[in-house]
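Input: a single structure, listed below in structure tokens.
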Amino acid sequence: QLQLVESGGGLVQPGGSLRLSCAGSGFTLDSYAIGWFRQAPGKEREGVSCISRRDRYTYYTYYADFVKGRFTISRDNAENTIYLQVNSLKPEDTAVYYCALSPGGAFRPCSLDDKYTFWGQGTQVTVST
């Protein structure tokens, strides 16, 4: 069964951190570009970060301006999992965070404007006192 399963969300105070996970089954995530997106209540979904294989040893990564320096995307191929480390969280980071895959995204720079065709169910991140 093809699945992307996000986890790691929760309630955190401003300035806090979380590590979000996106675990793949039925896919080898390394063959795709993987993106993280978020959607806050009443707002449109927005792209956060993406990662794609560059060569045997390195990866392309991309971050939206509003998360640069605070969020870090990484992967563990042995676990077939993509991570998003989210630090220095702000109340405006509150949203449901989704991961998604873009076919054909390997070996070229990833983009949050690419077509992401398969999505996980999301994990809620709430930043509040």
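For the single chain, residues carry numbers from 1 onward in sequence order.
Contact of the Y63 side chain with the R70 side chain is not registered, since no non-hydrogen atoms from C-beta on lie closer than 4.5 Å. Side-chain contact between F66 and E92: absent, with no pair of heavy atoms (C-beta onward) separated by less than 4.5 Å. Here the side chains of S111 and C50 are not in contact, with every heavy-atom distance at 4.5 Å or above. Using a 4.5 Å heavy-atom threshold, the side chains of Y62 and P109 count as separate. Side chains of L84 and S49 form a contact here, defined as non-hydrogen atoms less than 4.5 Å apart.
Residues K68 and D65 are paired through a salt bridge, judged by an N-O separation under 4.0 Å between the basic side chain and the carboxylate.
Nearest heavy atoms, A100 versus F37: CB-CE1, 4.3 Å. Counting all heavy atoms, side chain and backbone alike, G105 lies closest to S52 at O-CB, 3.3 Å. Here the closest non-hydrogen pair linking L29 and R75 is O-NH2, 3.0 Å. Here the closest non-hydrogen pair linking W36 and C22 is CZ2-CB, 3.6 Å. The two residues A95 and A40 have their closest heavy-atom pair at CB-N, 3.8 Å. Here the shortest heavy-atom pairing between S102 and D114 reads OG-CB, 3.7 Å.
Of the possible polar contacts, one joining the N80 side chain to the G24 backbone as a donor-acceptor pair under 3.5 Å is found. Distance alone, capped at 3.5 Å, is enough to place a donor-acceptor pair between the Q121 side chain and the E6 backbone. A donor-acceptor contact shorter than 3.5 Å is absent between the side chain of R54 and the backbone of Y57. Of the possible polar contacts, one joining the T94 side chain to the V127 backbone as a donor-acceptor pair under 3.5 Å is found. No donor-acceptor distance shorter than 3.5 angstrom exists from the side chain of T81 to the backbone of D76, with no hydrogens or angles considered.
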message: What verdict does the side-chain contact (heavy atoms from CB on, under 4.5 Å) test give for R38 and V125, after you've listed the backbone C-alpha separation in whole Å, the side-chain angles of each residue and the deciding distance to 0.1 Å?
response: CA-CA 9 Å; R38 70 185 187 184; V125 172; over 6 Å; no
task: Please assess V48 against I73 for the test side-chain contact (heavy atoms from CB on, under 4.5 Å), listing each intermediate value before the final yes or no.
output: CA-CA 10 Å; V48 174; I73 193 169; over 6 Å; no
query: Can you list the steps and then say if V12 with S17 is a side-chain contact (heavy atoms from CB on, under 4.5 Å)?
result: CA-CA 7 Å; V12 63; S17 299; over 6 Å; no
- prompt: Does the pair S25 and Q1 meet the rule for a side-chain contact (heavy atoms from CB on, under 4.5 Å), with working shown?
  reply: CA-CA 7 Å; S25 61; Q1 185 177 3; 5.7 Å; no
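Interatomic distance, NZ of K115 versus OG1 of T117, reported as 7.5 Å (0.5 Å rounding). In this structure, SG on C110 lies 10.0 Å from CD1 on I34, to the nearest 0.5 angstrom. For the atom pair Y116 OH and L4 CG, the distance stands at 12.0 Å (nearest 0.5 Å). Separation of atoms OG (S7) and OH (Y83) is listed at 8.5 Å; rounding is to 0.5 Å. In this structure, CG in N77 is found 9.0 Å from OG in S31, a value given to the nearest 0.5 Å. Distance check: Y98 OH to R45 CZ gives 8.5 Å after rounding to the nearest 0.5 Å.
Using cut-offs of 30° and 60° on the angle between ring planes, the pair F71 and Y97 is tilted.
F118 has its ring centre less than 6.0 Å from the ring centre of F27.
Hydrophobic clustering (ILVMFWY, side-chain heavy atoms < 4.5 Å, transitive): W119 and L2 are in distinct clusters.
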